[in-house]
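For the numbers below, each heavy atom of this structure counts, side chains included, while hydrogens, waters and symmetry mates do not. For clarity, every value in this text was computed on a predicted model and none was experimentally measured. A note on names: the letters A, B, ... follow the listed sequences, proteins ahead of strands, and every chain is numbered from 1.
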Amino acid sequence: MKLQVIHDSRIQSLNDRDLRQGSFVLYWMQQSQRAAYNHALEYAVQQANQVGQGVLVVFGLMDNYPEANLRHYTFMLEGLQETKAVLGKRGIKMIVQKGHPADVALAAGRKASLIVCDRGYLRHQRQWRKKVARKAGCRVVQVESDVVVPLEAVSGKAEYAARTIRPKIHNHIKDYLVELKPTKIKKSSLQLGTKGIDLSDISAVLKKMSLNRSVGPVSHFFKGGTAQARQIFADFLRQRFKNYVENRNQPQTDDVSHMSKYLHFGQISPLYLALQILKTDKGYKDAREAFIEELVVRRELAMNFVYYTPNYDSYACLPNWAQKTLAEHKKDRREYRYTRRQLENARTHDEYWNAAMREMKSTGFMHNYMRMYWGKKNLEWSTTPEQAFKTTLAINNKYFLDGRDANSYTGVAWVFGVHDRAWFERPIFGKIRYMAASGLERKCDIQAYVKKVDALERQSRK
DNA sequence: ATCGGCTCGCGCAA
DNA sequence: TGCGCGAAGCCGAT
């Protein structure tokens, strides 16, 4: 049987240890929480087939995950439940165990011949993998499955802007837009004795966990899982894709893909989405290009940012020109100033901004165009830019299903000048790009957006 | 409705 | 070293 192609650039040994005479190959799943289009999983299957063993998949479910709350945990568990079931049908046992992910991986890996892990670009994700590689008694191999073009193949440094990374990505993208079909397994792992928690009742699992419950689930808007993601994306391609170019910056419409939350939890593969786009009618050339721009160029610029910028979550990550100009305007008079509480309660004088905040709280999502406006106003209405940065990131990560993503950190930093250029100097913002309510009125039907959010809020109260 | 100016720095051409 | 141009804009002039 022909092996599925996994480029060498996706595969990295994280330690120098050898394969061991164990009883299975362990796939420690953490970022890529899916059964399909998962290079780490397929690599593990290939390796297991070679030594005549099965693949055990383990996921570490942690109490009090930093900044996560009931909303995020619910969405994630909905996805994990499905992934476990789908893997089971393929003869692959998946267990979810409570504990710190690295500890769970190490414990499950004691009898493994080899540990395979997937890849994440945030600080803690990298630390966990490092720890497992250091302490494991066998070889640990990391397989990238979270971007279309592996980061190091694109660039070895923090890119300055979209325009600098764009040609570098397009130089390689063709090589990586290749199908990844499931490799047939030679030996089932379903008989392995290792026990995990029962995922059949998600609310029962959640009840027993220690976690922040201040923000409720949004399953009636967005349910977690690969099947849901595929369904939403298929609907997008069928109904909304034709409007994408015209409407993607029109917040009163819903002509967006809604994939970012599924991408964040690894429930859908960016490669799968890109390949689906290639299958669309060639007549939608502009929409195809615009979507690939968002999915690959901008998303992978965000990955590049967090990977090569150690302090991606602090104010000091901003470029010098941005910090300088904001410092020069620190003392400027602020006509409006709101506390974090006022902001979170959507109690500002600006009904457009309030609507954006309400959409975020009630659905776990905010239209992309409003995310920019929302962030820019946080900067305008905070006492200092440093405080604005902190508050914006905190609220972002609290309510968005895709909070704490590389795109969250990059999106917030963009508000303060990252990947952007200088503009006409004005109060508070200095040379940072400004956005105004009048711009919303000029460019979109912002009243219709407010009404849309009113309706969404009513729906969420039901 | 459309246009130019504003402004910084990267990366390429020379 | 010079020059073009860019993650989503604003504003005033025409």
**Study point:** Out of B:dC6, C:dA7, B:dG11, whichever nucleotide has its closest atom nearest the side chain of A:H419
**Key:** C:dA7
Exercise for review: Would you kindly give the CD-to-P distance between A:E328 and B:dT7, to the nearest whole Å?
Suggested key: 12 Å
Review point. Nearest to the side chain of A:A162 - B:dG9, B:dT7, C:dA7?
Key: C:dA7
Review point. Which value, in whole Å, describes the distance between the P atoms of nucleotides C:dA7 and B:dT2?
Key: 23 Å
Check your understanding: Do A:R240's NZ or CZ and the ring of A:F236 fall within the cation-pi criteria of under 6.0 Å and 45°?
Key -> no
Review point. Atom CD1 of A:I165 and atom C1' of B:dG11: how far apart are they, to the nearest Å?
Key: 15 Å
Practice item. Quick one: label A:T410 by what it contacts on the DNA or RNA (base, sugar-phosphate, nothing), any heavy atom closer than 4.0 Å. Key: base
Exercise for review: Send over the distance from A:F424 CZ to C:dC11 C1', rounded to a whole Å.
Suggested key: 8 Å
Review point. What's the CZ-C1' distance between A:R426 and C:dC11, to the nearest Å?
Key: 8 Å
Check your understanding: Once you round it to whole Å, what is the distance between C1' of C:dC5 and CG of A:D420?
Key -> 13 Å
Point to revise | Presence of A:S438 side-chain N/O under 4.0 Å of C:dC11 phosphate oxygens OP1/OP2 | key: yes
Point to revise | DNA chain C contacts among residues 369-388 of chain A, heavy-atom distance under 4.0 Å | key: A:Y369, A:M372
Review point. Under the 6.0 Å and 45° cation-pi test, does A:R347 pair with A:Y338?
Key: no
Review point. In the structure shown, which nucleotide is the Watson-Crick or G-U wobble counterpart of B:dC3, with both distances under 3.5 Å?
Key: C:dG12
Review point. So does A:R421 get a side-chain nitrogen or oxygen closer than 4.0 Å to the phosphate oxygens (OP1/OP2) of B:dC6?
Key: no
Review point. Just how far, in rounded Å, is P of B:dG11 from CD of A:E159?
Key: 6 Å
Check your understanding: Can you list the steps and then say if A:E344 with A:R341 is a salt bridge (charged side-chain N to carboxylate O under 4.0 Å, His left out)?
Key -> CA-CA 5 Å; A:E344 279 194 63; A:R341 179 191 286 266; over 6 Å; no
Exercise for review: May I ask you to verify if any side-chain N or O of A:K431 is less than 4.0 angstrom from the OP1 or OP2 atom of B:dC6?
Suggested key: no
Review point. Within the structure, does a side-chain N or O atom of A:K324 lie under 4.0 Å from either OP1 or OP2 of B:dG9?
Key: no
Study note, to complete from the structure: Only residue of A:R129, A:R119, A:E144 satisfying side chain to side chain contact (heavy atoms under 4.5 Å, CB included) with A:Q12 is A:R119
Practice item. Side chain of A:W414 only, please: which of B:dC8, C:dC10, C:dA7 is the nearest? Key: C:dA7
**Study point:** Geometric cation-pi criterion A:K376 and A:F429, 6.0 Å radius, 45° cone
**Key:** no
Check your understanding: Do the numbers put A:R371 on top of the ring of A:W414, so that NZ or CZ is under 6.0 Å from the six-membered ring centre and no more than 45° off the axis?
Key -> no
Check your understanding: Relative to A:W423, does A:R421 satisfy both conditions: NZ or CZ under 6.0 angstrom from the six-membered ring centre, and within 45 degrees of the ring's axis?
Key -> yes
Review point. To the nearest angstrom, how far is A:F429 atom CZ from B:dC8 atom C1'?
Key: 18 Å
Check your understanding: What's the CZ-P distance between A:R248 and C:dA7, to the nearest Å?
Key -> 12 Å
Practice item. Among B:dG9, C:dC10, B:dG11, find the nucleotide with the atom closest to the side chain of A:W321. Key: B:dG9
Review point. Between C:dA7, B:dT7, C:dC10, which nucleotide has the shortest distance from any of its atoms to the side chain of A:Y434?
Key: C:dC10
Review point. Would one find a side-chain N or O of A:R166 under 4.0 angstrom from OP1 or OP2 of C:dA7?
Key: yes
Check your understanding: Do the numbers put A:R71 on top of the ring of A:F400, so that NZ or CZ is under 6.0 Å from the six-membered ring centre and no more than 45° off the axis?
Key -> no
